[in-house]
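Remarks on the structure that follows.
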Amino acid sequence: MSIRQANAAAVPTAGRKRRKAEKTRRKLSHFLWGAILPATILIVWQVLGDRELISPLLFPTPLVIADSFVWLWNSGTLNDNLFVSLYRTFAGFGLGAGLGLALGLFVGLSRSAEKLLDSTVQMIRMIPHISVTFLFVLWFGIGDTSKILLIAKGCFFPLYIYSFLGVRGVDNKLFEVTRVLGYSRFKQLVRLVLPATLPNVILGLRLSLAIAWVSLVVAEMMGASSGLGFLMMDARAMSDTPTVFVGIFLFTLLAKITDSLVLFAERRLLAWRDSFER
Amino acid sequence: MSEQAQTLRAPAVRTGRKKNFSRGKGTLLHFVAAALLPAVILIVWQWYGATGRVNPLLLPSPLAIAKAFGRLIASGELPMQLGFSLGRASLGILYGAVVALILGAAVGFSRKIERVLDPLMQILRLTPSLATAPLIILWFGFGETSKIVIIAFGSFFPLYMGVIQSIRNVDKKLFEVTQVLEFGRGKQLARLILPASLPGILSGLRLCIAYGWLALVVAELLGSQTGIGFLMSQAQTNSQPETVFVGVIVFAVMGKLIDSFVAAIERRLLRWRDNYTG
């Protein structure tokens, strides 16, 4: 790290500037290459739609979809449902991920807890979590509770497994060092186990978030009276295809944003690691 | 996505089991400890249900579920619906896997195709695949086609990513060796790339099947006239929670069986690898 910093300081500013320009150019060329296909598809789609060669009911043109997005946004329908969905996702994610992390660490640290709990958890994990949607709706109604709990259930397992694996992956020699240094159990946890488990936990977080969005979609499509998924199902029933597209677009955007946030946090939190490439 | 974690977890379980084979008593003890919690839960659940303190409409007792299971098997309804579900899932997964293999191989082999095609694929990959279900139903109707497309779309991406990554991870030095030995393109493919990328492709296939199974659950729950999901949604409207439970259990057991089957094939095909790693 310090060597790299020294190097960076030694490089004359002109050279650095040129290298930066080179990098931007390469990035731009990559972007342009990548944009060819989506742009072509969008243009062909729009042209075909305008000439009425494809059914506007099945394939509304991109402009119509954009219009519908603006309309939904201005009418406030979108905001309301979006906030409901966001609230459900984050409440469910917080609950499930928190419990998963806590239980994963606990089972990782204690062998007897592993023997008692792990196989039960693994057994429950085998149930495709979408298939219990009906039961959750039956038990907890069609309100927020059933969605939050379903999302929590989905988010629980990746974090449980990865924090468990993370604790078990800590170098035993380091554990011995903490014992020699007379660390208390708590200090051991905070100073050794948590930092060493962090990379795995972050991986678990990313998987959890992806699952959270999928669970939200499914839970809201199966039985709900508000939320983005409900908006989409409702639009489908009304054959309002542009709104369905808007919903898909928003889900993609939300998944991308949350994933990028975790990646950003990873870069900040794991900068101390030697092997970690920026 | 939790299936991804499972592939990581599998080796640990296997070695643990192997170790325990030498100590039969340890295995038994471990089994008893592991079975303790599920057994206690089942007994308390049954006892509570028998005293009538829980509403059997919300939580039928384990015995009632077992009875419903027996009834569904005896009437031949469960095997029939399971047959429909399995046929649908295998067709959808087949389509998804074949397209993923072809596109993944094209992108893996050619940088040019990667630059044009891959950015679009990465955008599509971020879309929660189940969010596109309403759109697919709109396009293909409520019939069999839409279900198969939902399953194919859900199972596509894990294999696509796996194929690209495993082709790109083939050791460069080995490529150079084949160049020195003047292998033709076909021989290079058959003798180096295929064997070297097989492990990655197979674990991609495993994820692909797991995702396809999950997509099947959603596709059938969203509206279908046959299959286990139909059995469940019908039971829900008729207030027969035992049948919903039976459906959940069948989905879980079938998912596990299929996964173990693919894992066994994986082990068999990759037996030669053990010789290298020792």
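Source: prediction; values computed, not measured. Lettering of chains follows the sequences in order, A, B, ..., and the numbering in each one begins at 1.
B:Pro38 and A:Thr120 get closest at one heavy-atom pair: CD-OG1, 3.4 Å. Between A:Val132 and B:Val248, the shortest heavy-atom distance links the atoms CG1-CG1, 3.8 Å.
Looking at B:Ser233, the atoms closer than 4.5 Å to chain A (heavy atoms on both sides) sit in the backbone and in the side chain alike. Neither the backbone nor the side chain of A:Leu32 comes within contact range of chain B; no heavy atoms are under 4.5 Å apart. When heavy atoms are compared at a cutoff of 4.5 Å, B:Leu59 approaches chain A by way of both its backbone and its side chain. Using a 4.5 Å cut-off between heavy atoms, A:Thr252 touches chain B through backbone and side chain atoms alike. Looking at B:Leu135, the atoms closer than 4.5 Å to chain A (heavy atoms on both sides) sit in the backbone and in the side chain alike. Of the two parts of B:Val244, only the side chain, counted from C-beta on, holds a non-hydrogen atom closer than 4.5 Å to a non-hydrogen atom of chain A.
How far CG of B:Leu117 is from CH2 of A:Trp33: 13.0 Å, rounded to the nearest 0.5 Å. The distance from atom CG of B:Leu138 to atom OG1 of A:Thr241, rounded to the nearest 0.5 Å, is 5.0 Å.
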What donor-acceptor contacts under 3.5 angstrom involve side-chain atoms of residues 213-232 of chain A, with partners at least two apart or in another chain?
from	atom 1	to	atom 2	distance (Å)
A:Trp213	NE1	A:Thr258	OG1	3.1
A:Ser215	OG	A:His129	NE2	3.0
A:Ser215	OG	A:Ile211	O	2.7
A:Glu220	OE1	A:Ser85	OG	3.2
A:Glu220	OE1	A:Leu228	N	3.1
A:Glu220	OE1	A:Gly229	N	2.7
A:Glu220	OE2	A:Ser85	OG	3.0
A:Glu220	OE2	A:Arg88	NH1	2.7
A:Ser226	OG	A:Arg88	NH2	3.1

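When side chains are defined from C-beta on, B:Val218 does not count as touching A:Thr133, because their heavy atoms never get closer than 4.5 Å.
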